[in-house]
Amino acid sequence: MKLNNKCKFEITPVPPFDFELTVKKPAGWTLFNSGEIFHDGTLWTASRIQNRLVGLKLRSIGTVSKPRIRVALFTAKPLMNTEKTDLKALLMKLIGAEQDLREFYGMARKDKILKHVIEDLYGMHDTQSSYLFNSVVLSICLQMARMDRSMKMMGAITRSFGDKVEFDGKTIVAEPSAEKIARLNPRHFAKKCNLGYRAKYIVEAAKKIVSGFPDIVQVMSMSPDEARQKLTELPGVGDYAADIINPHGGFPIDAWSVDVFGKLFFGKEPEIARDAIEAVKSEGRKRWGKFAWMAFFYIAQDLRNLSKHLGIELRLQ
DNA sequence: GCGTCCAGGTCTACC
DNA sequence: GGTAGACCTGGACGC
């Protein structure tokens, strides 16, 4: 699909805002799409925003202390002025431009673990997925598989069922729509993308989303607990997956992160990882309260440096 | 090579 | 309500 209609605007995020750290996270987390391109300070990405396929070109024209981002937004059909205004407002939320880090940093400076990560990653904002279904697919693919296999499954789904978009001289494959996946036969889907039992969860979740499940904007407007509760109504989404999808942020402790946080909190990895998950989650919430997600997010992006700062070996993702 | 084990969880049938 | 056991697949490991 060619996205030939272009509109331009600027965003002024709340400082400090490090553009590169925010749109291209050190641990390899992308902004919206696994196929996005980052080159020479510019990001080209594509996604579904408010059920519309859009191409985006984002470029920093400011600094960490005085941030400004120039945005070019590409669509198949011309946008009305109200649509442009709505998309700009939503994009600001999605890239974390309105997020004020001062309170988190104030708490983190007094914490013996977090003081290191906020220094290493000063100005990194938390971003949100633009399309709920994409987060659901990710959270289900992460279950019961090592990271490399999860990435292979995600890649196969996007390659086989994603939508190719062309804009600004770039071609990017956007994640598949829930509508397309809802029509698939789970057995064929599983075989094509090596998904195993996860295929039926993804297809059933897609059906539920298509039939009127709240979209990402509606989930963002809910309270954190309400959002979490709602998300677990999706097939294949339990406590862990809901913590990953929840735009309010959870504390998604799994068989990998329980080792990392077990070592940070108690000085050693738990003997039986799955049995220690609840204890580690509880300790994280007790220490960091409403900032538990931000703490998780910063630590996950800075494991290599944190290992050096603290003189302990932390398992990388 | 071949067999076995188990992993960034969730669901369901039992009790 | 709580708790085993099943669920796909592929890489690591021992032989």
Side-chain angles (χ1 to χ4, degrees), chain A residues 25-30 34 126 129 132-161 181 184-209 213 227-246 249-265 269-285 292-293 295-304 306-307 313-317:
Chain A
K25 313 280 188 312
W29 300 8
T30 53
S34 57
D126 184 25
S129 168
L132 183 75
F133 179 60
N134 199 36
S135 301
V136 172
V137 173
L138 169 69
S139 69
I140 293 175
C141 286
L142 285 173
Q143 295 169 15
M144 288 294 285
R146 293 185 179 90
M147 186 54 99
D148 55 347
R149 185 171 173 223
S150 298
M151 291 302 109
K152 280 181 187 167
M153 288 189 276
M154 289 285 290
I157 294 171
T158 302
R159 267 197 314 280
S160 305
F161 303 102
I181 300 298
L184 298 178
N185 176 318
R187 273 193 201 169
H188 296 161
F189 184 34
K191 195 162 187 179
K192 193 166 181 68
C193 301
N194 287 335
L195 294 169
Y197 69 94
R198 300 168 194 83
K200 72 171 190 297
Y201 289 150
I202 295 174
V203 171
E204 289 306 312
K207 286 180 182 169
K208 191 146 188 165
I209 286 170
F213 194 82
R228 192 168 180 286
Q229 188 63 38
K230 191 72 194 168
L231 289 167
T232 57
E233 290 177 15
L234 289 168
V237 175
D239 284 348
Y240 165 75
D243 274 349
I244 288 182
I245 303 166
N246 196 344
F251 198 58
I253 297 299
D254 53 32
W256 158 71
S257 52
V258 76
D259 283 348
V260 171
F261 285 88
K263 214 161 185 178
L264 288 172
F265 293 158
E269 291 180 1
E271 285 178 22
I272 304 174
R274 289 190 195 284
D275 291 352
I277 286 176
E278 276 313 311
V280 168
K281 281 179 100 155
S282 161
E283 178 66 20
R285 289 187 183 128
W293 163 252
F296 180 97
F297 168 57
Y298 263 72
I299 288 170
Q301 303 305 321
D302 200 36
L303 286 173
R304 202 179 296 276
L306 192 56
S307 291
E313 195 177 332
L314 298 170
R315 217 175 105 200
L316 299 177
Q317 291 183 73

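From a predicted model like this one, the values you see are computed outputs, not experimental measurements. To find a chain, count down the sequence lines: A is the first, B the second, and so on, and within it residues start at 1.
Not one side-chain nitrogen or oxygen of A:Asn194 sits closer than 4.0 Å to the OP1 or OP2 atom of C:dC8. When the side-chain nitrogen and oxygen atoms of A:Lys152 are compared with OP1 and OP2 of C:dG11, one or more of them lie within a distance under 4.0 Å.
Heavy atoms of A:Pro235 sit under 4.0 angstrom from primed sugar atoms or phosphate atoms, though from no base atom. Residue-level contact check: A:Ala190 touches neither bases nor backbone, having no heavy atom under 4.0 Å from any strand. Residue A:Val258 is classed as having no contact, given no heavy-atom separation below 4.0 Å to the nucleic acid. Contacts of A:Arg187 with the nucleic acid, taken as non-hydrogen atoms under 4.0 Å apart, are absent.
You'll find that the side chain of A:Ala241 is closest to B:dT10, out of C:dT9, B:dT10, B:dG9. Between B:dG8, B:dC11, C:dG10, one nucleotide has an atom nearer to the side chain of A:Tyr201 than all others, and that is B:dC11. Side-chain proximity of A:Met147 to the nucleotides C:dG11, C:dC8, B:dG8 is greatest for B:dG8. Among B:dG8, C:dT9, B:dA7, the nucleotide with an atom closest to any side-chain atom of A:Leu142 is B:dG8. The side chain of A:Arg146 lies closest to C:dG11, out of C:dG11, B:dG9, B:dC11.
Nucleotide B:dG8 forms a pair with no other nucleotide shown, judged by Watson-Crick or G-U wobble geometry with both contacts under 3.5 Å. For C:dC8, there is no paired base (Watson-Crick or G-U wobble, both distances below 3.5 Å).
Neither side chain, A:Trp293 nor A:Asn246, offers a donor N or O lying under 3.5 Å from an acceptor on the other.
For C:dG2 and B:dG8, the C1' atoms lie 24 Å apart once the distance is rounded to whole Å. Comparing C:dC8 with B:dC2, their P atoms sit 25 Å apart, to the nearest whole Å.
With rounding to whole Å, A:Glu233 atom CD is found 15 Å from B:dT10 atom P. We find that CG of A:Leu138 is positioned 15 Å from P of B:dG8, with the value rounded to whole Å. For the pair A:Arg198 CZ and C:dG10 C1', the computed distance is 10 Å after rounding to whole Å. Between A:Ile245 atom CD1 and B:dT10 atom P there is a gap of 9 Å when expressed in whole angstrom units. In this structure, CG of A:Asp254 is placed 11 Å from C1' of B:dA7, rounded to the nearest angstrom. The CD1-C1' distance, from A:Ile202 to B:dG9, rounds to 13 Å in whole Å. Taking atom CE of residue A:Met144 and atom P of nucleotide B:dC5, one finds them 15 Å apart after rounding to whole Å. Between A:Trp256 atom CH2 and B:dC6 atom P the separation is 23 Å, expressed in whole Å.
Annotation: of the two residues near DNA chain B, A:Arg315 and A:Val237, the 5′-most nearest-nucleotide partner is A:Arg315.
For the pair A:Gly236 and A:Gln143, the tightest heavy-atom approach, listed with the atom from each and the gap, is O-NE2, 2.9 Å.
A:Arg149 places a side-chain N or O within 3.5 Å of a backbone atom of A:Asn194 that can act as its donor or acceptor partner. Between the side chain of A:Ser307 and the backbone N or O of A:Leu303 there is at least one donor-acceptor pair closer than 3.5 Å.
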Please output the side-chain donor-acceptor pairs of residues 254-262 of chain A that fall under 3.5 Å, not counting sequence neighbours, one pair per line with the distance.
residue	atom	partner	partner atom	Å
A:Asp254	OD1	A:Trp256	N	3.0
A:Asp254	OD1	A:Ser257	N	2.8
A:Asp254	OD1	A:Ser257	OG	3.0
A:Asp254	OD2	A:Tyr240	OH	2.8
A:Trp256	NE1	A:Arg315	O	3.1
A:Ser257	OG	A:Pro252	O	3.4
A:Ser257	OG	A:Asp254	N	2.8
A:Asp259	OD2	A:Arg315	NH1	2.6

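The existence of a salt bridge linking A:Lys281 and A:Asp239 is excluded, since no basic side-chain nitrogen approaches an acidic carboxylate oxygen closer than 4.0 Å.
In B:dG8 the base sits syn relative to the sugar, since the glycosidic angle is no further than 90° from 0.
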